[in-house]
Amino acid sequence: MINITLPDGAVKQMESNSTPFDVALEISQGLARNVISANFNGTTVEVSTPLKEDGTLTLYTWENDEGKKAFWHSSSHVVAQALQELYPGIKLTIGPAIENGFYYDVDFGEHTISEKDFSTVEKRALEIARGKHNFKMREVSKADALNFYNSQNNEYKVELIENLNDGEITFCDHSTFTDLCRGGHIPNTGLIKAIKILNVAGAYWRGDENNTQLTRVYGISFPKQKQLTEYLELLEEAKKRDHRKLGKELELFTFSQKVGQGLPLWLPKGAALRERLENFLKSAQKKAGYEMVVTPHIGQKELYVTSGHYAKYGEDSFQPIHTPKEDEEFLLKPMNCPHHCEIYKNSRWSYKDLPKRYAEFGTVYRYEQSGELHGLTRVRGFTQDDAHIFCTNDQLNDEFKKVIDLTLYVLGSLGFDNFTAQVSVRDLEKPEKYIGEVENWEKAEQAIIEAAEEKGLDFVIESGEAAFYGPKLDFMIKDALGRNWQLGTIQVDYNLPERFDLTYKGSDNELHRPVMIHRAPFGSLERFVALLLEHTGGNFPLWLIPTQAMLLPVSEKYEKYAEKVLNSLENHEIRALIDNRNETVGKKIRETELKKIPFMLVVGENEEENGTIAVRRHGGEDLGNISIKDFANLISNEINSTLKSF
RNA sequence: GCCGACGUAGCUCAGGGGUAGAGCGUUUCCUUGGUAAGGAAGAGGUCACGGGUUCAAUUCCCGUCGUUGGCUCCA
């Protein structure tokens, strides 16, 4: 007999060699029907794996992330089988589950696959699934495993096996298909009722661009057909929130092939929105002791040689601009920090003067690879809400925490409650990517982790995500399609103060090195607006939205009155427009709804007589006939309740 | 940069070897209206750009540019 401990602490006495399925059966019939994966003593096991010793067992169903993972990973085997049957001779590599579904990386050799082939693959995969084949794990000797894949000329699997130890190599069989696999499958293929191939993409073998490029086939699967339909509907819904679509519809920004790729053009409404965001942050920053500075868009090459940017990115950035006569070299600025360091150096500072906090909405230019450009989230020219804090070591922790507060205030005011805090540290295996002394890096990483912990921030640590000059605390937000983007960032830097030889005089009358904090709560206005658009679906908070109210005269006869109302709304600092086109009220309402304008103010005979407006909210709520003063109060109350003071 | 897809009117999109279509928008006229599309008429396109194949290319092929899904990269 063995003792199996369940997550709730209960202990089940089971026969030796009982399986997780048996344990589930002990608990309930329903669970036994639904259990699709399990974890025993920290390792993923099959539902059919015989348990030979005492241990802790967690059972997973489709409702758990782990269960979904097993489901999707199993599905990737089924799709791989279908692909192998349809495209003989292809070489399979790896096929893991991902956040939403799974992929399989395949060397298609002579074959090609494209969208029009998907339905064939889906059909065959589903046929295989319906065969209710059991997934069976078996241990294989290294020699046998190598033989198996050498005979298929599959150098990828051979490479994978060569990096494994004899005795820990397992194959998974189902139907006529065999794959190298460490396990974690659902009991049988029959549970997979719906499979969809979503797209194909190039992906380098082992993620290295020097390796062969494979074809990555993305797919998703479900235990019920209905869930697939719902998922596809969800994707459609997400597309409606895409900032590129909304930005066009709401006339916020555009791109011009003639201006250049990745160079956004802000239209009047978008520019007004940006300005409001800037003012919002400026006023918070003023209270937090920041001073605004202004610096030019270019700087001498030497400036960036000093900062280290040139050595790191000189080749991969916009190339230097040469002056016509002196042949001096200037670079478009990729960051504002070197300029701010020079501002710091303009004066001699005492410890009593610190911290100095220099802020600038600085537009920077970076040469991003063409394949990387994406709407407003990845562009070549963008404006950072940048600031650099120069402080003493003693002030660092406190300053850093203040910046966390400011960032949380910004995100909170705009309704971003779904961010991930990420401490981005060095990749210890690639020291060549970073500048500066190891001790400084350790000090900086420690400072960030300490401050984040003291703030009670729930964060993850990501190695290899640091900037080349220092580690960062990044605030990540997902876009409509589930991709993660870095918005706000706070960075600790011991390197640039040294490179620029920044100093201050301490109480000991000696010169000391200040520490620098780079920070941008929005990150960049471009990316921030993009994510805000996707997050709100274009329904911006009232304080931010370009047009707060649309006046809709019932007919031409009431245009004069509408203008009078507009005037008085303007006096209340309400941003309103009049729709005085020769159209019916119904049509004007429909279009105002589509423009996502929060309030529709219908004015006609009744309103003119009583000096009121008939207020309809976006979405249809009728707020009745009220006075302009009441409406102004309504608006300011709503703004005050969302826009907390800092 | 790499692999795949896409590029037709201001916008959203259909079409297809014989030089183009819809809806919305826009213009003019009628209508003067009460909470999600009132009616009529008109204008608007070198079918991204450059080559090639063909009697004929917007359509097929190649290249370029741009967009896009990924990969790599991301100061």
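Source: prediction; values computed, not measured. Each chain gets a letter, A, B and so on, in the order the sequences are listed, and its residues count up from 1.
- Among the protein residues, Gly260(A) comes within range of no part of the nucleic acid, since none of its heavy atoms lies under 4.0 Å from any strand.
- For rC47(B), there is no paired base (Watson-Crick or G-U wobble, both distances below 3.5 Å).
- Side-chain proximity of Ser370(A) to the nucleotides rG38(B), rG1(B), rG34(B) is greatest for rG1(B).
- Between the P atoms of rC60(B) and rA14(B), the separation comes to 15 Å (whole Å).
- With a cut-off of 3.5 Å on both pairing distances, the Watson-Crick or G-U wobble partner of rC13(B) is rG21(B).
- Only Ala201(A), Gly202(A), Ala203(A), Tyr204(A), Gly207(A), Glu209(A), Gln213(A), listed by number, bring a heavy atom of residues 201-214 of chain A to less than 4.0 angstrom from any atom of RNA chain B.
- Between His340(A) and Phe390(A), the ring centre distance reaches or exceeds 6.0 Å.
- At least one side-chain nitrogen or oxygen of Arg616(A) sits closer than 4.0 Å to the OP1 or OP2 atom of rA36(B).
- Among the heavy atoms of the strands lying under 4.0 Å from Gly371(A) is at least one base atom, whether or not backbone atoms are also near.
- Atom name C1', nucleotides rC30(B) and rA20(B): the rounded distance is 31 Å, in whole Å.
- Atom CD in Gln369(A) sits about 9 Å away from atom C1' in rC2(B), given to the nearest Å.
- The pair Glu249(A)-Lys245(A) counts as a salt bridge, with a side-chain nitrogen and a carboxylate oxygen less than 4.0 angstrom apart.
- A gap of 15 Å separates the P atoms of rU8(B) and rG45(B), to the nearest Å.
- Nucleotide rG70(B) holds its P atom 7 Å from the CG atom of Asn199(A), rounded to whole Å.
- Among the atoms of the strands shown, none is found under 4.0 Å from any heavy atom of Leu552(A).
- Between rA48(B) and rA9(B), the distance separating the two P atoms is 8 Å to the nearest Å.
- A 4.5 Å side-chain heavy-atom check between Leu634(A) and Leu623(A) finds at least one atom pair inside the cut-off.
- Contacts of Val585(A) with the nucleic acid, taken as non-hydrogen atoms under 4.0 Å apart, involve only primed sugar atoms and P, OP1 or OP2.
- If you check every strand for non-hydrogen atoms under 4.0 Å, Arg483(A) touches sugar and phosphate atoms only.
- For rU28(B), the paired nucleotide is rA40(B), the pair qualifying as Watson-Crick or G-U wobble because both relevant distances are below 3.5 Å.
- Figure legend: Lys443(A) and Tyr494(A) shown as a cation-pi pair, the cationic atom lying under 6.0 angstrom from the six-membered ring centre and within 45 degrees of its axis.
- A straight line from NZ of Lys430(A) to C1' of rC73(B) spans 11 Å, rounded to a whole angstrom.
- Among the nucleotides rC73(B), rG4(B), rA36(B), the one closest to any side-chain atom of Ile589(A) is rA36(B).
- Donor-acceptor pairing under 3.5 Å, judged by distance alone, is absent between the side chain of Asn582(A) and the base of rG38(B).
- At a threshold of 4.0 Å, the pair Glu237(A)-Lys240(A) counts as salt-bridged, since one of the basic side-chain nitrogens sits closer than that to a carboxylate oxygen.
- At the heavy-atom level, Thr215(A) lies nowhere under 4.0 Å from the strands shown.
- For Arg590(A) and rA36(B), the CZ to P distance is 10 Å, given to the nearest whole Å.
- The distance from atom CD of Glu607(A) to atom C1' of rG34(B) is 8 Å, rounded to the nearest whole Å.
- Here the separation of rU68(B) from rU27(B), taken at their C1' atoms, is 35 Å to the nearest Å.
- Nucleotide rG7(B) forms a pair with rC65(B), judged by Watson-Crick or G-U wobble geometry with both contacts under 3.5 Å.
- On the C1' atoms, rA40(B) is 11 Å away from rU31(B), given to the nearest whole Å.
- For Phe631(A) and Phe599(A), the distance between ring centers is under 6.0 angstrom.
- Applying the 3.5 Å distance criterion, the base of rC3(B) shares no donor-acceptor pair with the side chain of Arg216(A).
- With hydrogens and angles left out, the side chain of Glu115(A) and the base of rG69(B) share no donor-acceptor pair within 3.5 Å.
- Nucleotides rG15(B) and rA22(B) place their P atoms 15 Å apart, quoted to the nearest Å.
- Rounded to an integer number of Å, the gap from His374(A) NE2 to rG69(B) C1' is 10 Å.
- rU67(B) atom P lies 13 Å from atom CD of Glu368(A), rounded to whole Å.
- Look at the C1' atom in both rG34(B) and rC11(B): the space between them is 30 Å, to the nearest Å.
- In this structure, Lys587(A) reaches the sugar-phosphate backbone alone: every heavy-atom distance under 4.0 Å involves primed, P, OP1 or OP2 atoms, never a base.
- Sorted by residue number, the members of residues 239-258 of chain A with any non-hydrogen atom under 4.0 Å from RNA chain B read Arg244(A), Lys248(A), Gln257(A).
- Look at rG33(B): it lacks any Watson-Crick or wobble partner with both distances under 3.5 angstrom.
- With ring centers used as reference points, Phe522(A) lies under 6.0 Å from Phe528(A).
- Among Leu250(A), Leu376(A), Leu252(A), Asp479(A), the single residue meeting the side-chain contact (heavy atoms from CB on, under 4.5 Å) criterion with His243(A) is Leu376(A).
- The aromatic rings of His297(A) and Tyr365(A) are tilted relative to each other, their planes meeting at an angle between 30° and 60°.
- In this structure, Glu605(A) and Tyr218(A) both approach RNA chain B, and ranking their closest nucleotides by distance from the 5' end singles out Glu605(A).
- Of the candidates Tyr103(A), Phe102(A), Trp72(A), Tyr103(A) is the only one forming a side-chain contact (heavy atoms from CB on, under 4.5 Å) with Pro96(A).
- A parallel orientation is assigned to the rings of Tyr469(A) and His518(A), their planes being inclined by less than 30° (bins at 30° and 60°).
- Tyr434(A) and Trp441(A) have perpendicular rings, their planes meeting at more than 60° on a 0 to 90° scale where under 30° would count as parallel.
- Comment: Lys91(A) engages Glu155(A) in a salt bridge, judged by a side-chain N to carboxylate O separation of less than 4.0 angstrom.
- Of the two residues contacting RNA chain B, namely Lys557(A) and Tyr469(A), the nearest-nucleotide position lying further toward the 5' end is that of Lys557(A).
- Pairing for rU58(B) is absent, with no Watson-Crick or G-U wobble pair whose two atom distances lie under 3.5 Å.
- Rounded to whole angstrom, the span from the CD atom of Glu621(A) across to the C1' atom of rA36(B) amounts to 16 Å.
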